[in-house]
Number of protein chains: 2
Amino acid sequence: MDEFAFIRSIAPKHHQQSSLIKGIGDDAAIFRQPYQDIVTAVDTFVEGIHFSKQTMEPHHVGYRVLAANISDIAAMGAVPAFYLISIVIPDSWTKAELSEIYKGMQMLASQYQMDLIGGDTVSGKELTISVTIIGYVEHNKVRYRNNARENDLVFVTGTLGDSSAGLYLLTSQGHSLSDCTRDYFIERHRLPSPRVDFSREMLPLSRVALNDISDGIANEAAEIAEASRVTIHLDYNSLPVHPQLKQFTAEQQRKWKLFGGEDFEILGTAAESDWPAIRAAAEKAQIKVTRIGYVTHQPHNTGKVILQEGNEQSILDKSGYTHLK
Amino acid sequence: MDEFAFIRSIAPKHHQQSSLIKGIGDDAAIFRQPYQDIVTAVDTFVEGIHFSKQTMEPHHVGYRVLAANISDIAAMGAVPAFYLISIVIPDSWTKAELSEIYKGMQMLASQYQMDLIGGDTVSGKELTISVTIIGYVEHNKVRYRNNARENDLVFVTGTLGDSSAGLYLLTSQGHSLSDCTRDYFIERHRLPSPRVDFSREMLPLSRVALNDISDGIANEAAEIAEASRVTIHLDYNSLPVHPQLKQFTAEQQRKWKLFGGEDFEILGTAAESDWPAIRAAAEKAQIKVTRIGYVTHQPHNTGKVILQEGNEQSILDKSGYTHLK
């Protein structure tokens, strides 16, 4: 089933509540309160689909599902505050393992002074964890996907493809990486860092479009391009990667950089004049930020992502690309 | 696993967020905003545990999981406003059936002008629906379980045991009820009515303790008694039932009245002087309300529920009772 099409089919056409600012259609929903807006989103993790005991310890599972939610909040420019957990527990998980899942969440939650405020615990056949997150953002500072404008620059935090490389290392054998490099990629897969600090350091900027990289940069760039009705140009050779990613085959590198999910880095666009402020925000948050492209308004390519690689151009979509003549 | 003990074991001991008023421990969590408080809770439904295709059509499934959440909000004295849905979809459910689930939710949501504002859709082995609900309540009007006081009267809305009777009719054969009676009980199981209107009509009252009946009146009364550190006395012969419940065996009636879950009626305690206002609230909401007991402060029975039946007294707990000499 095409999840996106299905969600669109059930998304309400009209709002009933006057306080609702944004419902389904961005990283999180927003509703208004007197001095700030409230931001909320839900993310669900299923054993065997999103993780397995072969690739993660229980505390990684908890950490990672909460990290995915916090990343949604970061992509709205908001601060996380609360979370609720619904968990379906099969007989194959012990109470000790479940406690480890919660400890993994708490480890991350405490970094952001977040409180666990509710939950539901039921029996079932497969471990399923659903986390609802609630955060705050200042009025008119929400970083919607539809905020991109012609002539914006495009930037991304951190390095791309690390999480995919980590998953590959956990599920394959016979590679000859150093322990240190191997640990780096695996940790990026298991314990990703949401970019809340960076996103919050950009608060003074009047307009930024943000999306977090949960499904690969090609997909996330397309979401911004579609929502903003612009064309996004990415320069393949500018995409930031960890120096050791080159240890993998050219095909793996390419796939993981463009389509690798769950790096939870932040992709954004902003006015050229804001680039020094964005670099300063990254510096304060002690992360890397890289310019990787620009935004145009090409009526025939509205909503599309064009990948430039040397002299060649291709249209990137969620799972592949077609060369342009 | 004892769900309650487990949740207690993971419930944070301290709050980090200054806006948090109540975290884990009531029907919903509460956090403060300038002119009102925000109330939120999550409920999860798993196929085979909470429902089956044998007992419910897809739209009933959607309606009922949202009704359970709205009931939590009603039990806090709040108004529901938003909901988010996380759904795990196995291959055995078609897109048409899933759309029916959503329609069932929308049917109920539209009664309360609620907006669906977010969700997550993933694949998995068993249909699992987790709904997070968000509502509003006026400052200092939250109806906590720990609001019960000595000399309060105890009341309950509607009739008890209907949902259990409905489930029994759906899963057994050979009973001789009229179609009309049968349909009544089955509808109460499939399409329960959360008591939001009644709860909101009680807004002028300065203090009320409320709990919704999701796990049977014995359990819910014990939760109020424990949270308020009082003793609750219930008069067995006053417990309200539908006239046709007498068609079932005495044992069934007794079990369903005291321990039958998911009637989603409201159990409450309030000052004796507020009884006329409570009756008026029920009349406005066009539902029945019945006095069924009173509250005492008996140090040796703190947190307990005492069932009076003629001249006999027993201590009621979640799943049974012990006679008192």
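Naming: A, B, ... by sequence-line order, numbering from 1 per chain.
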Open item on the list: Within the structure provided, determine whether B:I49 and A:V122 are in side-chain contact (heavy-atom separation under 4.5 Å).
Closed with: no
TODO: Measure distances from B:Y136 to the heavy atoms of chain A and classify the residue's part below 4.5 Å as side chain, backbone, both or neither.
DONE: side chain
- [ ] Give a yes or no on whether the backbone of B:K125 and the side-chain of A:E126 come within a donor-acceptor separation of less than 3.5 Å.
- [x] yes
TODO: Classify the angle between the aromatic ring planes of B:F82 and A:F31 as parallel (below 30°), tilted (30 to 60°) or perpendicular (above 60°).
DONE: tilted
Task: Contact class of A:P80 relative to chain B, heavy atoms under 4.5 angstrom - done: backbone
Task: Where A:I85 and B:V42 come nearest, the two heavy atoms and their spacing - done: O-CG1, 4.2 Å
- [ ] Let me know if B:M105 has heavy atoms under 4.5 Å from chain A in its side chain, its backbone, both or neither.
- [x] neither
TODO: Please lay out, stage by stage, how A:I38 and B:I38 fare under the test side chain to side chain contact (heavy atoms under 4.5 Å, CB included).
DONE: CA-CA 10 Å; A:I38 293 181; B:I38 294 182; 3.1 Å; yes
Open item on the list: Under a 4.5 Å cutoff for heavy-atom pairs, which residue among B:G48, B:A109, B:A41, B:S123 has the most contacts with chain A?
Closed with: B:S123
TODO: Pick one of side chain, backbone, both or neither for B:E47, based on which atoms fall under 4.5 Å of a heavy atom in chain A.
DONE: neither
Open item on the list: Report which part of B:H14 has an atom under 4.5 Å of a heavy atom belonging to chain A: side chain, backbone, both, or neither.
Closed with: backbone
Task: B:D115 side chain to A:H15 backbone, donor-acceptor under 3.5 Å - done: no
- [ ] Specify the closest pair of heavy atoms between A:Q36 and B:Q33, including all atoms of both residues, with the distance to one decimal.
- [x] NE2-OE1, 3.6 Å
- [ ] Measure the spacing between OG1 of A:T132 and CG of B:L84 and express it to the nearest 0.5 Å.
- [x] 6.0 Å
Task: Structural part of B:L20 lying under 4.5 Å from a heavy atom of chain A - done: both
Task: Which of B:D26, B:T128, B:I30, B:L116 touches chain A most, by non-hydrogen pairs under 4.5 Å - done: B:L116
TODO: Check B:Q113 against A:Q16 and note the closest heavy-atom contact, atom names and distance.
DONE: O-CB, 3.3 Å
